[in-house]
2 protein chains.
Amino acid sequence: MATIRDVAKHAGVSVATVSRVLNETGYVHEDTRKKVETAIRELHYTPNEVARSLYKRKSRLIGLLLPDITNPFFPELARGVEDEMQENDFRIIFGNSDENMNKEKEYIQTFEQNNVVGVIASTNHPDSDTYRKLRIPVVFLDRTADNRPSVYADGREGGKIAAHEMIARGSRQITVMQGPKHIRPAQDRYQGAVDVLSEQGVPFNVIMTSSFSFTEAGIWAKELFEQHPYTDGVIASNDIVATAVLHEALRLGKKVPEDLQIIGFDDIPLSSLLTPSLTTIRQPAYDMGRTAARLLIRIIENENIDQNTIQLPVTFTERETTRKVEQHG
Amino acid sequence: MATIRDVAKHAGVSVATVSRVLNETGYVHEDTRKKVETAIRELHYTPNEVARSLYKRKSRLIGLLLPDITNPFFPELARGVEDEMQENDFRIIFGNSDENMNKEKEYIQTFEQNNVVGVIASTNHPDSDTYRKLRIPVVFLDRTADNRPSVYADGREGGKIAAHEMIARGSRQITVMQGPKHIRPAQDRYQGAVDVLSEQGVPFNVIMTSSFSFTEAGIWAKELFEQHPYTDGVIASNDIVATAVLHEALRLGKKVPEDLQIIGFDDIPLSSLLTPSLTTIRQPAYDMGRTAARLLIRIIENENIDQNTIQLPVTFTERETTRKVEQHG
DNA sequence: CCTCAATGTGGAACCGGTTACACATATAAA
DNA sequence: TTTATATGTGTAACCGGTTCCACATTGAGG
């Protein structure tokens, strides 16, 4: 690999000059620039980012920490982040945390050790020391932290909408699936739904779940219908469990949406391809990723930020696991 | 951030000594080691990986290049790679190529510039200069290249199995969906299926598709039934299009598997949650990822490799979009 | 008691960039 | 003509680690 000194020698100038043309800083005579550029081309030179990063104490890398990329919601998020970062010449060191604080810590440490300029993290503990002590800008994604940069969708509102729509469509024996306790957005959704249901005096049951994994989703679906065989409406904690519930319901011979309505959460890509296609509370995952990336870049580049925490809207995405609401008027 | 010199001063030794205890190289007196370790702890010192990487010309980073993490097959792959790497103290710089040679080049360049020790890539052009000239070990994942390290599943065999099983289950008007031309594994599957169908003299049609995206999958499904309304068996190029075909078939009122059988490819997590659940040719994605990571690590660590290219088996995963085959005997 | 190998430690060069500073030259203003 | 300023370039220190080499010191073997 050619170094800047090779280029300098080849072009008959000093390394400082080469560095200047590389970075377009300081004065460089037009003729000199040409010579240097030729040398760079001839030697196929590309600057060593590591050396650069060492001196500047800043790389062009950012750290991305997500719970589990195997959950189809997160690839969308990741893709949004990546596309925006790519366009701005930042690259990504990526890790899955499995919602596990130790793994998180390990990754955050790696990020620091590699001089990343910023971090985007979906963590359940934004207030932990790990983040408080971090001297690198962080944007929390799909999570909130008071007054720290974050991009998220309004889970509580989503839960409320789900409950409202479920009631409006006539379900009266609703089951709410409470997502994993330690996952904040899951709890928000749950709370939102429960609030509305209580307020409206609609009876409901709760099924607790402890993960979002595909393998376990089926188990909870079974559990649901064993414990509450007569539910006529399920508000699921995300589209994965909603899919499992739908699957189990059909297996049991229930008619969806006639006997049973289901509302999911997230709107993962497959939701619209299910049969019946899944009614869900959509989160604009890709946009969230892009927005978070954009926010982080602005922070890194020291632009002044008008808005630290950005909330993106959730939208009720009506498909076929809910009945049509009667037109009034 | 504390540096090695801070630690040295604090412990009353030279930086060389600190480095020795850090790396467990050379001779260090037990008492000295203790002093240094205390200093490290007291200053919360962690070595700067960038400085290390600069001198050694090797980091603890590896580059992972996948086509599109939004396709549910790849997160499994990625997860396998990550888990194995994590356990061996390697971290990942990640990028999506969108099967686009320019993006690939860009990422490979970033990888080099950041001194990654190895690369895992799903590329359709393993023989391009980009990879030929790369002086960093590469393992091709989900792709083959003669005699270069690679981990993949036997797509051709998968295609054959699909065709055989389809025939064995009585479909006689088979439609094979030919995946994107530029994606090698897709073509292998296609070829495998076509070979068997031709050989057995079973008539079939072909639908060409040009991507694996969710949004377009629906379009091809529609196209399929417009052009070949009487097909009684679809061999899809992957589970995404298979899902779309299933969706469209049900929408058209077809009975699956009675009127129409469908076989997918990959076995993405959602396949088993569809109704009817999807019969598919399973690729052990997670294992493929782990295996590729393991292979790369062995190459990096210069262990001698008995087997350069590792082929993992595909398995016919019988579910509900195919009929039971009659028991003979 | 002497010699040599094993043990223990520090100084300084090095990795490949960036940049502060010194120094020269050309040009414009006084 | 003198002086201030803009333009152009090079030398060397620096970023924070690792490692080569030189230089003790210690202990075993002869």
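All chains are named by letter (A, B, ...) in the order of the sequence lines, taking the proteins before the strands, and each is independently numbered beginning at 1.
Spacing between atom CG of A:N23 and atom C1' of C:dT19 amounts to 10 Å, rounded to whole angstrom units. In this structure, A:K9 places its NZ atom 13 Å from P of C:dG17, rounding to the nearest Å. Between the P atom of D:dT18 and the CG atom of B:N115 lies a distance of 14 Å, rounded to the nearest Å. Taking atom NZ on B:K34 and atom P on C:dG8, their separation rounds to 13 Å, with Å as the unit. Atom-to-atom, CD of A:E30 to C1' of D:dT7 comes out at 14 Å; the value is rounded to the nearest Å. Residue B:I4 contributes atom CD1, which lies 14 Å from atom P of C:dG11 at whole-angstrom precision. A straight line from CD of A:E24 to C1' of C:dT19 spans 17 Å, rounded to a whole angstrom.
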Next item on the list: Decide salt bridge (Lys or Arg N to Asp or Glu O under 4.0 Å) for A:D83 and A:R79; before the verdict, give the C-alpha distance in whole Å, the side-chain angles of both, and the deciding distance to 0.1 Å.
Entry: CA-CA 6 Å; A:D83 288 355; A:R79 211 47 232 261; 3.2 Å; yes
Checklist line | Trace of the side chain to side chain contact (heavy atoms under 4.5 Å, CB included) decision for A:N48 with B:Q113 | finding: CA-CA 5 Å; A:N48 181 325; B:Q113 291 181 323; over 6 Å; no
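The residues B:R132 and B:D127 are annotated as salt-bridged, a charged nitrogen and a carboxylate oxygen being separated by less than 4.0 angstrom.
One finds no side-chain N or O of A:T17 lying less than 4.0 angstrom from the OP1 or OP2 phosphate oxygen of D:dT9. Contact annotation: B:Y27 side-chain N/O to C:dG8 OP1/OP2 distance is not under 4.0 Å.
The base of D:dG8 has none of its N or O atoms less than 3.5 Å from a complementary donor or acceptor on the side chain of A:R33.
Between B:L64 and B:M85, the closest side-chain pair of non-hydrogen atoms is not below 4.5 Å. Put simply, the side chain of B:I93 reaches to within 4.5 Å of the side chain of B:F111, judged on heavy atoms.
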Using a cutoff of under 3.5 Å, can you pull out all pairs of nitrogen or oxygen atoms linking the protein to nucleotides 12-15 of chain D, with atom names and distances?
| residue | atom | partner | partner atom | Å |
| --- | --- | --- | --- | --- |
| D:dC15 | O2 | A:Y55 | N | 3.4 |

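In this structure, the ring of A:F140 has its center less than 6.0 angstrom from the ring center of A:Y131.
Across all strands, B:V50 comes closer than 4.0 Å to no nucleic acid atom at all (heavy-atom distances). Note on B:V13: only backbone sugar-phosphate atoms sit closer than 4.0 angstrom, heavy atoms only; bases stay farther off. Within 4.0 Å (heavy atoms only), A:T32 reaches sugar-phosphate atoms of the nucleic acid but no base atom.
The residue among A:P47 and A:R20 whose nearest nucleotide of DNA chain C lies closer to the 5′ end is A:P47.
Across C:dG8, C:dT18, C:dG11, the shortest atom-to-atom separation from the side chain of B:H29 is found for C:dG8.
A cation-pi arrangement is present between A:R91 and B:Y107, with the terminal nitrogen or guanidinium carbon under 6.0 Å from the aromatic centre and inside a 45° cone about the axis.
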